[in-house]
Amino acid sequence: MTTGNVKQQRIKDKNIGIATLLAFAMIPMSGFATDIYIPSLPGMTHALSISNSQAQLTLSLFLISYGLSQLFIGGLLDSFGRYRIALVAMLIFCGSCVTIANTHNIYVIYAMRVLHGITIAAMVVSKRAFIVDLYKGEQLKHYLSLFTIIWSTGPIVAPFIGGYLEVNFGWESNFYFLGGFAAVLLLMELIFSGETIQHTTPFHPAKILSIYYGMIRTGSFILGIVMLGLAYSMVMVYNMSGPFIIEHYFNLSPVITGYCSLFLGFAWMVGGFLGKGMINKPFVKKMSINVVLQLAAALLLLVMFSLYGGLWTILVFAFLVHVGAGFTYNNYFTFCLQIFPKNAGIAGGLTGGLCYVIVSMLSYGLIYVLPAEDGRHLSFSYVFLILVSALVMYRVFLLYRKRKAIGDGQ
């Protein structure tokens, strides 16, 4: 052991490749936990005799608990190691999935969804730190840029699976699937993975808070997190409103909802690949062009839906908006996680935590103001988020120009 206070099973060199694949397999869990039961939201409202907003609140509670948990879980991971915390989180997550599937009490479901957010935060942040522990330089940059691409498999695959599970087995089957998937990962982790942290940070709350404070004072880091939150809010607004538009406004089945989410999940992946492919292009220029193209797509959605009103108008232009969101997320996520390599757990937790707090507040707030009625409300939500993104990008431009002027002066 090279660590002072982490006495756990160390990862074996021969298992690093398999353990890395397992780490990547766990990254989409946050997407699975939100997207797999999206086609079931209207069905849940009927089965549980609840309102649309109560069903949507199960998503928001997960997001805010997932986000808040990441704010402190990073410090625990840097002090007590990644491995054991991740194992306990997976076990608790499995139990909470079974609990949801066997209750019709919405308040129990709310509590379990909060628990989902906490446990998935521990799982995902531990695996982000796992990658930073084991890899350096260009290889680390490559793997970090893959995160958003791999994460996007959740939004692509999960609703597709969830639509068929809803139609054939009911909404409860989604949570049995989630629990089973986590159980398989837990078993594989026990066999192939282990602890990766080399030097732990003593658990001194005051010192940890000072690290957080230093990160929060880093302007580029915080602006990056805000952009991440705005980008993912575009996806989450659709996730919370799309099923009701498709199944109530267009009177189509949950399977169609799953196919639509599959299509838009693919858009996020396309954006991630574009971000990875253009990772060395001038940062401010490419991000500014991306915001302009997103705004054009959102405005075209508003115009075309008003003229034609078909589902295709939503899918075509929402696809373009989501490509831009994936592009933004890929670039800023890679940027944020590289800034503080010595405190990878805290940096990863703070990045994901603040991002999801922003997402939970923005998405639920927009759905409350603009309920899930039709494509016009969805386009208004997109336009608002993109305009705020443009303002943040303007601040990024000013910061970039200031740094360039200082560099030229030296």
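The first residue in the sequence is number 1, and the count goes up from there.
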TODO: Evaluate the side chain to side chain contact (heavy atoms under 4.5 Å, CB included) criterion for residues Met240 and Ser60: first the C-alpha distance (whole Å), next the side-chain angles of each, then the deciding distance (0.1 Å), finally the verdict.
DONE: CA-CA 9 Å; Met240 296 174 74; Ser60 296; 3.4 Å; yes
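- Applying the ring pair (Phe, Tyr, Trp, His ring centres under 6.0 Å) test to every pair with at least one member in residues 367-392, sequence neighbours left out, gives these pairs: His322-Tyr382.
- In this structure, the side chain to side chain donor-acceptor pair (under 3.5 Å) partners of Ser30, at least two apart in sequence or on a different chain, are Trp151.
- Below 30°, between 30° and 60°, or above 60°: for Phe175 and Tyr37 the angle between ring planes is between 30° and 60°, a tilted geometry.
- With contacts defined as side-chain heavy-atom distances shorter than 4.5 Å, the pair Leu57/Tyr110 qualifies.
- Under the ring-ring contact (aromatic ring centres under 6.0 Å, His included) criterion, Phe397 pairs with no residue at all, not counting sequence neighbours.
- For Asn52, there are no side chain to side chain donor-acceptor pair (under 3.5 Å) partners, not counting sequence neighbours.
- Note that CD1 of Ile106 is 6.5 Å distant from OG1 of Thr58, once rounded to the nearest 0.5 Å.
- Taking the six-membered ring where tryptophan is involved, the planes of Tyr329 and Tyr232 are perpendicular, since the angle between them exceeds 60° and thus also 30°.
- The minimum heavy-atom distance between Gly229 and Ile358, with the atom names listed, is CA-CG2, 3.9 Å.
- Listed for the Thr257 side chain is no donor-acceptor partner under 3.5 Å among the backbone atoms of Pro39.
- When every heavy atom of Glu172 is checked against every heavy atom of Ala101, the shortest pair comes out as CG-O, 3.4 Å.
- For Lys286, the side chain to side chain donor-acceptor pair (under 3.5 Å) criterion is met by Asn331, not counting sequence neighbours.
- A donor-acceptor pair is defined here as one N or O able to donate and one able to accept, closer than 3.5 Å; such a pair exists between the side chain of Asn102 and the backbone of Val98.
- The closest donor-acceptor contact from the side chain of Glu166 to the backbone of Ser40 lies at 3.5 Å or more, if one exists at all.
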- [ ] Using the side chain to side chain contact (heavy atoms under 4.5 Å, CB included) rule, take Ile120 and Phe62 through it: C-alpha gap first, then chi angles, then the decisive distance, then the call.
- [x] CA-CA 10 Å; Ile120 288 185; Phe62 169 83; 3.8 Å; yes
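- The CE atom of Met278 sits 9.0 Å away from the CG atom of Asn290 when rounded to the nearest 0.5 Å.
- With rounding to the nearest 0.5 angstrom, the NE2 atom of His116 is 12.5 Å from the OG atom of Ser69.
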Task: Pair Phe160-Tyr164, ring pair (Phe, Tyr, Trp, His ring centres under 6.0 Å): steps then yes or no - done: CA-CA 7 Å; Phe160 179 72; Tyr164 280 96; 5.5 Å; yes
Result block: side-chain N/O donor-acceptor pairs under 3.5 angstrom for residues 294-317, not counting sequence neighbours:
from   : atom 1 : to     : atom 2 : distance (Å)
Gln294 : NE2    : Val321 : O      : 3.0
Ser306 : OG     : Leu302 : O      : 2.8
Thr313 : OG1    : Gly310 : O      : 2.5

Task: Full working for side-chain hydrogen bond (donor to acceptor under 3.5 Å, both in side chains) between Glu247 and Ser253 - done: CA-CA 6 Å; Glu247 295 174 39; Ser253 77; over 6 Å; no
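- Annotation: side chain of Ser241 is in contact with side chain of Ile367 (closest heavy-atom distance under 4.5 Å).
- Other residues, nucleotides and ligands contribute only 12 or fewer heavy atoms inside 6.0 Å of the CZ atom of Phe266.
- Between Trp171 and His104, the ring planes are perpendicular. Angles over 60° get that label, and only those under 30° would be called parallel.
- The aromatic rings of Phe181 and Phe177 sit parallel to each other, their planes meeting at less than 30°, with 60° as the upper class boundary.
- At least one test fails for Lys276 against the ring of Phe273: distance under 6.0 Å to the centre or angle within 45° of the axis.
- Contact check for Thr99 versus Leu115: no side-chain heavy atoms found under the 4.5 Å cut-off.
- A heavy-atom distance below 4.5 Å is found between the side chains of Leu63 and Ser363.
- By the 6.0 Å contact criterion, NZ on Lys285 is open, its count of non-hydrogen atoms from other residues, nucleotides or ligands being 12 or less.
- Put simply, the side chain of Arg113 never gets that close to the backbone of Leu61: no donor and acceptor are under 3.5 Å apart.
- Between Leu68 and Val357 the shortest heavy-atom distance is CD2-CG2, 3.7 Å.
- Residues Ser389 and Met227 approach most closely at O-SD, 3.8 Å, considering heavy atoms.
- Between the Glu195 side chain and the Tyr83 main chain, a donor and an acceptor come within less than 3.5 Å of each other.
- For the atom pair CE (Met287) and NZ (Lys281), the distance works out to 15.0 Å, reported to the nearest 0.5 Å.
- Residues Lys127 and Phe24 form no side-chain contact, since every pair of their non-hydrogen atoms from C-beta on lies 4.5 Å or further apart.
- Between the Glu189 side chain and the Leu87 main chain, no donor and acceptor come within less than 3.5 Å of each other.
- Between Leu262 and Pro159 there is no side-chain heavy-atom pair separated by less than 4.5 Å.
- Judged purely by distance below 3.5 Å, without hydrogens or angles, the side chains of Thr45 and Gln54 never pair a donor atom with an acceptor atom.
- Atom-to-atom distance recorded for Leu59:CG and Tyr66:OH is 14.0 Å, nearest 0.5 angstrom.
- The side-chain heavy atoms of Ser261 and Tyr238, taken from C-beta on, include a pair separated by under 4.5 Å.
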Open item on the list: Between Tyr249 and Phe244, does the ring pair (Phe, Tyr, Trp, His ring centres under 6.0 Å) criterion hold? Intermediate values first, please.
Closed with: CA-CA 7 Å; Tyr249 183 83; Phe244 296 99; over 10 Å; no
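- Of all the heavy atoms in Ala158 and Phe32, the pair that sits closest is CB-CD2, 3.7 Å.
- Of all the heavy atoms in Gly163 and Val255, the pair that sits closest is O-CG2, 4.0 Å.
- Listed for the Ser173 side chain is a donor-acceptor partner under 3.5 Å among the backbone atoms of Leu165.
- Looking only at distances, a side-chain donor or acceptor of Thr103 sits under 3.5 Å from a matching main-chain atom of Asn105.
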Open item on the list: Assess the residue pair Asn239 and Leu41 against the criterion (side chain to side chain contact (heavy atoms under 4.5 Å, CB included)); give the C-alpha distance rounded to whole Å, side-chain angles, the decisive distance to 0.1 Å, and a yes or no.
Closed with: CA-CA 10 Å; Asn239 287 350; Leu41 286 176; over 6 Å; no
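- When side chains are defined from C-beta on, Tyr135 counts as touching Ile16, because their heavy atoms get closer than 4.5 Å.
- Between atom CG of residue Leu134 and atom OG1 of residue Thr20 there is a gap of 6.0 Å, rounded to the nearest 0.5 Å.
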Open item on the list: Set out, in order, the CA-CA distance, both residues' side-chain angles and the distance that settles side chain to side chain contact (heavy atoms under 4.5 Å, CB included) for Leu48 and Ile109, then state yes or no.
Closed with: CA-CA 11 Å; Leu48 302 175; Ile109 295 175; 3.7 Å; yes
